[in-house]
Amino acid sequence: MSLPSSRSHRSGWRAAAACAGMPPQVVFARRPADAEPALRACARCPVARECEETVDPAHTWFDGVSAGRLWHNGRPVDPSRRNRAHGDSDGDSGGGGHGGTTAPLRRAA
């Protein structure tokens, strides 16, 4: 079975992304200070909308930068907390969450 052609179209935006070529530890940072270069790139990114639509951070428990916001476990990090000296919004020491680890369990409603 072949993949729909829309998938290849959807991934084509990555080459035009302002963060293209940045180290993964910046794009997938969990700590606000580490994410700043990617957040600055987002401010001038021509494909921010495509990034958020494809990454779908709120539904994929994403950790990192997407569409101008820092996400932790699929929730946007409060911008007022971005300048904290240590840690991220929940006090985790960081370490990235995309190395093939499992996603955290969803909280009961």
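Computed from a prediction, not measured in an experiment: that's the story for all the values here. Starting from 1, each residue takes its place in the sequence as its number.
Partners of Val27 according to the side chain to side chain contact (heavy atoms under 4.5 Å, CB included) rule, which considers only residues two or more places apart in sequence or in another chain, are Cys19, Met22.
Across all their heavy atoms, Ala48 and Ala67 have their closest contact at O-CB, 3.5 Å. Scanning both residues, Ala16 and Pro46, for their nearest heavy atoms gives O-CG, 3.5 Å. Across all non-hydrogen atoms, the minimal contact from Val26 to Ala38 is CG1-N, 3.7 Å. For the residue pair Ala33 and Pro37, the shortest heavy atom distance occurs at O-CD, 4.3 Å.
Under the 3.5 Å distance criterion, the side-chain polar atoms of Thr60 are matched with a main-chain donor or acceptor of Val55. For Asp63 (side chain) and Asn73 (main-chain N/O), a donor-acceptor pair under 3.5 Å exists by modelled atom type. A donor-acceptor contact shorter than 3.5 Å links the side chain of Trp71 to the backbone of Ser66.
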For this session: Test side chain to side chain contact (heavy atoms under 4.5 Å, CB included) on Phe28 and Phe62 and set out the steps.
Result: CA-CA 9 Å; Phe28 299 107; Phe62 181 75; 3.7 Å; yes
Problem set entry | Stepwise salt bridge (Lys or Arg N to Asp or Glu O under 4.0 Å) test for Arg69 and Glu52 | CA-CA 10 Å; Arg69 288 182 277 182; Glu52 187 167 21; 2.5 Å; yes
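Between Leu70 and Pro76, every side-chain heavy-atom pair lies at or beyond the 4.5 Å cut-off.
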